[in-house]
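A short worksheet on the structure shown next.
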Amino acid sequence: MTFSAEWEQRYAANTHLSIWPWSDVVSLTRRHHPMLGAGHRVLELGCGAGANIPFFLQLGVDYHGLDGSPTMVTQLQERFPPLRERLLVADFTEAWPLTPGFELILDRASLTHNTTAAIRRCLAQVLAALRPGGLFIGVDWFSTAHSEVVHGRPDTDANTRTSYTSGPFAGVGRVHFADEAQLRELFTDFDLLHLEERRAQRLEPADGLCIATWSLVARKPEKKSS
């Protein structure tokens, strides 16, 4: 299992508990799938504290969520009883206990906490689980322009760092940093509809922190007619 035990510890300690829908998730979903609604199946990878669940429930979709943290999944099942059977403890980089045919699969800053090999495995499952023409939305994947890329220590591949003891990634296990070329390679089998890098330089305190992240929207190609 590649799910970081550090995240279970953070959640059990009531930290990293984002509860409001992420604005980029809302805007990218509405822009690229304005008709998403009743009858459509949506899967969120790493649903965490459930920040995006109210947004998708308001749209009337058939929402499913996977997370490796038993603490968070139990809390979400208590908060959203109708979703109890659709909120599952699982490592989303391994085989999913779900039936394919999703209209949208979403990840907000969860998949980016894995190695390149684990991300690749997960995206292969995303491709298989989406219906033809279905969308994958990735938000806040860390860029190689992020200032923290030189901290921590190397992990199993050149793009993955771990063992941060200070800064924004302290105590969260693995962190993956991607550049444009790697993202295009990872999504070779998809149609990339949106790819955007954002950089924010912190001026005060003057600690040199630069937060650099990617957002992306990728579509599973439609089946070709014979």
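Because the structure is predicted, anything quoted here is derived from the model rather than measured.
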Quiz item: Between Phe142 and His113, does the ring centre distance come in under 6.0 Å?
Solution: yes
Determine, using the 4.5 Å side-chain heavy-atom cutoff (strictly less than), whether [X] and [Y] are members of one ILVMFWY cluster.
| X | Y | value |
| --- | --- | --- |
| Leu195 | Ile211 | no |
| Leu59 | Leu135 | yes |
| Leu36 | Leu83 | yes |
| Leu203 | Leu209 | no |
| Leu193 | Leu106 | yes |

Quiz item: Between Tyr164 and Phe169, how do the two ring planes meet: parallel, tilted or perpendicular, split at 30° and 60°?
Solution: perpendicular
Exercise. Could you check whether the rings of His40 and His33 sit parallel, tilted or perpendicular, using 30° and 60° as the cut-offs?
Key: tilted
Practice problem: Using a 4.5 Å cut-off on heavy atoms from C-beta on, say whether the side chain of Val175 contacts that of Phe177. | Solution: yes
Quiz item: Can you find a heavy atom in the side chain of Leu43 that is under 4.5 Å from one in the side chain of Leu98?
Solution: yes
Between [Y] and [X], is the closest basic N to carboxylate O distance under 4.0 Å?
| X | Y | result |
| --- | --- | --- |
| Arg202 | Glu204 | no |
| Lys220 | Asp191 | no |
| Glu185 | Arg120 | yes |
| Asp24 | Arg198 | yes |

Self-check item: Reported OG-to-CD distance for the pair Ser215 and Glu197, which is rounded to 0.5 angstrom
Solution: 10.0 Å
Quiz prompt | Any side-chain donor near an acceptor of the partner, Thr116 and His176, under 3.5 Å | solution = yes
Practice problem: May I ask you to check whether Asp91 and Thr93 show a side-chain donor-acceptor distance below 3.5 Å? | Solution: yes
Self-check item: Smallest separation among heavy atoms of Ala51 and Pro54, with atom names
Solution: O-CD, 3.6 Å
Practice problem: Please report the shortest heavy-atom distance between His64 and Phe102, naming the atom on each side. | Solution: ND1-CE2, 3.7 Å
Exercise. Would you please test Asp107 and Trp141 for side chain to side chain contact (heavy atoms under 4.5 Å, CB included) and show each step?
Key: CA-CA 9 Å; Asp107 166 57; Trp141 288 28; 2.8 Å; yes
Quiz item: side chain to side chain contact (heavy atoms under 4.5 Å, CB included) between Trp96 and Leu45: does it pass, once the steps are laid out?
Solution: CA-CA 10 Å; Trp96 300 348; Leu45 306 177; 3.8 Å; yes
